[in-house]
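Side chains are part of it too, since the values below use all heavy atoms of this structure and drop only hydrogens, waters and symmetry mates. Counting starts at 1 for both ligands and their atoms, in listed order.
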Amino acid sequence: MLIRYKKSFEKIAMGLLSFMPEVSDVKMLQDIIREYEENADWHLLLWKEEDILGAIGVRIEDHEAVIQHVSVNPSHRNLGIGKRMILSVQEQYQANFHICASEATESFVSKCELERPSSQV
Ligand SMILES: CC(C)(COP(=O)(O)OP(=O)(O)OC[C@H]1O[C@@H](n2cnc3c(N)ncnc32)[C@H](O)[C@@H]1OP(=O)(O)O)[C@@H](O)C(=O)NCCC(=O)NCCS
């Protein structure tokens with residue numbers, strides 16, 4: 001299930017966000033985490049089973065919820081966690097926001113949407 005980020009998850013969240021291709025160094029990672037902690041329009045959610053296995057970050061811009069980060073622990077990839085995170089965010093935000101992807105997440109978000117059962121589209 002998706003849970004909200006809190007400071008005690010900082011290290012695991014930074015580890016997950018470091019897999020985003022555009023995250024080039026530790027300073028950038030620290031700036032991203034700080035923005036999620038301080039900016040009320042940046043929401044970081046973590047996928048928790050027994051452990052925390054994934055992270056998904058959303059930026060609110062007017063009526064849009066932009067999925068700007070999505071990352072899964074490499075040992076748990078290709079098991080559907082990434083897709084479940086995208087679908088859970090869509091469920092949580094779709095009543096109030098138009099959901100879209102950033103350039104960084106576009107290819108995976110489009111893949112998940114294409115695979116949605118037609119009854120949910
Ligand atoms: C992208 C990511 C979150 C997917 O997580 P996951 O839990 O493995 O995803 P799922 O198991 O739900 O789906 C796996 C499918 O997504 C595909 N996929 C993986 N990365 C992808 C990408 N960047 N763009 C499109 N599809 C991608 C896999 O090839 C697999 O396809 P298949 O089902 O046809 O074999 C994970 O690979 C990751 O953390 N990557 C590093 C961070 C990253 O690049 N994030 C931005 C992605 S655009």
Neighbour list for ligand 1 [protein residues, heavy atom under 4.0 Å]: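 For ligand 1, the contacting residues are Phe19, Met20, Pro21, Val70, Ser71, Val72, Arg77, Asn78, Leu79, Gly80, Ile81, Gly82, Lys83, Ala104, Thr105, Ser107, Phe108, Lys111.
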
Could you tell me whether a side-chain N or O of Arg84 sits under 3.5 Å from a main-chain N or O of Leu2, the two making a donor and an acceptor?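 It does not hold such a pair.
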
For Asp62, is the CG atom crowded, meaning more than 12 foreign heavy atoms sit under 6.0 Å from it?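 Not buried by this count: 12 neighbours or fewer within 6.0 Å.
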
Verify the neighbour count for atom CD of Glu49: are there more than 12 heavy atoms of other residues, nucleotides or ligands below 6.0 Å?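 More than 12 within 6.0 Å, yes.
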
Electrostatic pair Arg59:Glu61 at N-O distance under 4.0 angstrom: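 Yes, charged N to carboxylate O under 4.0 Å.
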
Tell me whether Arg34 is salt-bridged to Glu37, with the criterion being a basic N under 4.0 Å from an acidic carboxylate O.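 Result for this pair is no, no salt bridge flagged.
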
Please find out if less than 6.0 Å separates the ring center of Tyr93 from that of His43.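 Ring centres of His43 and Tyr93 closer than 6.0 Å.
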
